[in-house]
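Values below: every heavy atom of this structure, side chains too, minus hydrogens, waters and symmetry copies. Nothing here was measured: the structure is a model prediction, and the numbers come from that model.
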Amino acid sequence: MALTLYNTLTRQKETFESLKPGRVSMYVCGPTVYDSSHIGHARSAVVFDIVFRYLQEVGYEVTYVRNFTDVDDKIIQRAKERNMDTQALSEMYIKEFHDDMDALAVLRPTAEPRATEFIKEIVEVTSMLVDKGHAYVMDGDVYFDVRSFESYGKLSGRKLEDMEAGARVKVDDRKKDPFDFALWKAKKPGEPSWESPWGKGRPGWHIECSAMSWSRLGETFDIHGGGQDLIFPHHENEVAQSEAAFGKQFVRYWMHNGFVNINSEKMSKSLNNFLIVREILEQFHPEAVRLFLLSKHYRSPVDFSEQAMKEAASGLDRVYASMDRIQETVGCLQFEHEASGHWTRFCAAMDDDFNTAGALGILFEAVRDANRLLDGDMAGDDNARVQECGAAILKMGHVLGMFQEDPKIYFENKKEKAAQEGGFDQSMVDDLVAQRAQARKDKNWAEADAIRKQLTEMGIAIEDTPEGTIWKMA
RNA sequence: GGCGGCAUAGCCAAGUGGUAAGGCAGCGGACUGCAAAUCCGUUAUUCUCCGGUUCAAAUCCGGAUGCCGCCUCCA
């Protein structure tokens, strides 16, 4: 089955063919590290984590590069505000980013280059552009000359003329065209800087990605990803830089993920509604966050809300509950067990431009099928069929980065977390539960119900199961 | 002014020519001392509206309406 993906460059779905057989080279724009990561960063990271995982699952050897922008205006400004060194600041946020993404089970890319580690390459590419007449020097700044690159605008589908008509563009008389952008910025007092043929300075934003992808993946590579907002100007400028410098196609497939809205509103500084990953993780299981993010196609906007997250958390419980039953009945879940129908259909959905929402549908069908069998008489080959479901669930989970915990531990942790949040002493609750159990044994229903009522008022829900009574936060 | 996207049940969401996946909530049943939880089952003659093409359309074409994004730092 062929993998197809939507290519922003051609505005249509295409059959994926890698440049080199069996190998995929992929570059994704990582964060500018001047603040904590928000849910939008998480979406991008999770989306491309899925791409990374799935490509490997279907047999490719993937070189996945995701950069850190560790020098730019915002970092410099933030460092100044905090009276910190820019490097210390970016270092701090890189660590935070790693912690957050690790928690979300986002695999580390093959390489995570930082802009400041590639100054040499940045200067090299910039020099090439100057030499070839695609860039010009002004007082120690170097600008890319957009008029010199004929197909400027091809990625974002716009024309310079159209944009200039109604756009609000900063006027800078020194630039030949308002859309010319800085490759190199001359040093200003108090800013980090490096030596260059044009004097001391630092790289502009767009050039780092051209330089780092070139260095790590070559002049042409397979997939370039990032958030939809990066299409213009960032990726448009990357195309211009790289193709002007090397004279070859830069990227074969461009993939862009959609935004995360918060309660139907765009995240923005003015609304002050940026949701920080670590705050979300205090409240929800990381796999519930992934489930939520993957429940809609990666190119569509997704709306974050308390309700949506609760639904995702409920769905996650459902899968783990089923896994627990499967484990209890047919023994250890065998990852190696040949997964058939469910897995095949799951792959068909993933092959269709990473349709994770559709794939999740198959996942839940496997859960339902297993539960249905387990509720039946388990005659004939039902045992094997349940195992097939279990194996499929695990295998799908492996691609989705979910269901990695032992179900027993998952539910135990959940209870512990609930008790902690509720500020209850577990043993005290256990005592009350035991008292109620005794009352029930004595058929003293009034007493039992009174205790249950007491617990309910404390926000604790009681569940009587064949194995005894358990409790959790309501 | 330019470019692009979306509109499917109470909510979220797949499906892009062959007669509507899945999740959450609800409801019915099983289970329970009663509950809760869990499991099973069930829930859109119909896909914003109006035309058109076709044996056949949520899916293609034309038009209308509504919502949203980008063109400025942004995942």
Same-atom distance (C1') from B:rA20 to B:rA44, integer angstrom: 8 Å
Please list every donor-acceptor pair under 3.5 Å in which a side-chain atom of residues 290-301 of chain A meets a protein atom from a residue at least two apart or in another chain.
from: A:Arg290; atom 1: NE; to: A:Leu400; atom 2: O; distance (Å): 2.9
from: A:Arg290; atom 1: NE; to: A:Gly401; atom 2: O; distance (Å): 3.4
from: A:Arg290; atom 1: NH1; to: A:Asp49; atom 2: OD2; distance (Å): 3.2
from: A:Arg290; atom 1: NH1; to: A:Leu104; atom 2: O; distance (Å): 2.7
from: A:Arg290; atom 1: NH1; to: A:Ala105; atom 2: O; distance (Å): 3.0
from: A:Arg290; atom 1: NH2; to: A:Asp49; atom 2: OD2; distance (Å): 2.7
from: A:Arg290; atom 1: NH2; to: A:Leu400; atom 2: O; distance (Å): 3.0
from: A:Ser295; atom 1: OG; to: A:Phe292; atom 2: O; distance (Å): 2.7
from: A:Lys296; atom 1: NZ; to: A:Pro301; atom 2: O; distance (Å): 3.0
from: A:His297; atom 1: NE2; to: A:Asp353; atom 2: OD2; distance (Å): 3.3
from: A:Tyr298; atom 1: OH; to: A:Asp353; atom 2: OD1; distance (Å): 2.8
from: A:Arg299; atom 1: NE; to: A:Asp353; atom 2: OD2; distance (Å): 3.1
from: A:Arg299; atom 1: NH2; to: A:Asp353; atom 2: OD2; distance (Å): 2.7

Roughly how many Å is it from CZ in A:Phe346 to P in B:rA14, rounded to a whole number? 15 Å
Report the residues that fulfil side chain to side chain contact (heavy atoms under 4.5 Å, CB included) with A:Thr15, sequence neighbours left out, ordered by chain and then residue number. A:Ala2, A:Thr4
Going by heavy atoms in the side chains, are A:Arg66 and A:Thr110 under 4.5 Å from each other? no
Using a heavy-atom cut-off of under 4.0 Å over every strand shown, decide if A:Gly361 touches base, sugar-phosphate, or nothing. base
What integer distance in Å separates A:His256:NE2 from B:rG5:P? 15 Å
In Watson-Crick or G-U wobble terms, with both distances under 3.5 Å, the base opposite B:rU72 is none
Taking atom C1' in both B:rU46 and B:rU59, what distance in whole Å separates the two? 13 Å
If pairing requires Watson-Crick or G-U wobble contacts with both distances under 3.5 Å, which nucleotide is the partner of B:rA21? none
What string of B, S and - do you get for nucleotides 24-35 of chain B, 5' to 3', when a contact is any protein heavy atom under 4.0 Å? B--------BBB
Identify which one of A:Trp254, A:Tyr64, A:Tyr253 satisfies the ring pair (Phe, Tyr, Trp, His ring centres under 6.0 Å) criterion when paired with A:His224. A:Trp254
Atom-pair distance (CG on A:Leu104; C1' on B:rA75), nearest Å: 14 Å
Using a heavy-atom cut-off of under 4.0 Å over every strand shown, decide if A:Val260 touches base, sugar-phosphate, or nothing. base
Are A:Cys209 and A:Cys29 close enough that some pair of their side-chain heavy atoms sits under 4.5 Å apart? yes
Taking the minimum atom-to-atom distance to the side chain of A:His41, which one of B:rA75, B:rG2, B:rC40 wins? B:rA75
For A:Asp303 and A:Ser264 the tightest heavy-atom approach is OD1-N, 2.5 Å
Using atom P in both nucleotides, what's the gap between B:rG22 and B:rG41 to the nearest angstrom? 10 Å
Do A:Val277 and A:His38 have side chains that get closer than 4.5 Å, going by heavy atoms? no
Could you state the CZ-C1' distance from A:Phe411 to B:rA37, rounded to the nearest angstrom? 11 Å
Please say whether the positively charged group of A:Lys395, taken as NZ for Lys or CZ for Arg, lies over the ring of A:Phe346, i.e. under 6.0 angstrom from the six-membered ring centre and within 45 degrees of the axis. no
Whole Å only: how far is the NE2 atom of A:His297 from the C1' atom of B:rA7? 17 Å
Answer with base, sugar-phosphate or nothing: what part of the nucleic acid does A:Leu291 contact at a heavy-atom distance below 4.0 Å? nothing
Can you tell me the Watson-Crick or wobble partner of B:rU45, both distances under 3.5 angstrom? none
Looking only at atom P, what distance separates B:rC55 and B:rU16, rounded to whole Å? 23 Å
Any A:Asn355 side-chain nitrogen or oxygen under 4.0 Å from OP1 or OP2 of B:rG15: yes
Expressed in whole Å, how much space separates the C1' atoms belonging to B:rU43 and B:rA21? 15 Å
Taking the six-membered ring for Trp, are A:Tyr410 and A:His285 closer than 6.0 Å centroid to centroid? yes
When the distance from CZ of A:Phe232 to P of B:rG2 is rounded to whole Å, what number comes out? 17 Å
Over how many whole Å does the gap from A:Phe179 atom CZ to B:rG2 atom C1' extend? 11 Å
So what does A:His38 hit on the nucleic acid, given a heavy-atom distance under 4.0 Å: a base, only sugar-phosphate, or nothing? base
Nearest-nucleotide pick for A:Glu365, side chain only, options being B:rA14, B:rC73, B:rA21: B:rA21
Please compare A:Arg299 and A:Asp369 by the position of their nearest nucleotide in RNA chain B and report the one closer to 5'. A:Arg299
Expressed as a whole number of Å, how far does the P atom of B:rA64 sit from that of B:rA58? 22 Å
What distance, rounded to whole Å, do you find between the two P atoms, one in B:rC31 and one in B:rC40? 16 Å
Describe the nucleic acid contact of A:Ala357 in one word from base, sugar-phosphate, nothing, applying a heavy-atom distance below 4.0 Å. base
Under 4.0 angstrom between A:Arg372 side-chain N/O and B:rG41 OP1 or OP2: yes
Suppose you measure atom C1' in B:rG62 against the same atom in B:rA57; what distance do you get, rounded to whole Å? 15 Å
I want to check one thing: is the phosphate of B:rA75, taken as OP1 and OP2, less than 4.0 Å away from some side-chain N or O of A:Asn257? no
Does a side-chain heavy-atom distance below 4.5 Å link A:Phe68 with A:Ser90? no
A:Asn237 CG - B:rU72 P separation (whole Å): 11 Å
Which base sits across from B:rC67 as a Watson-Crick or G-U pair, both distances under 3.5 Å? B:rG5
So which nucleotide from B:rA14, B:rA75, B:rC74 ends up closest to the side chain of A:Lys266? B:rC74
Taking a pair as Watson-Crick or G-U wobble with both distances under 3.5 Å, which nucleotide is matched to B:rA30? B:rU38
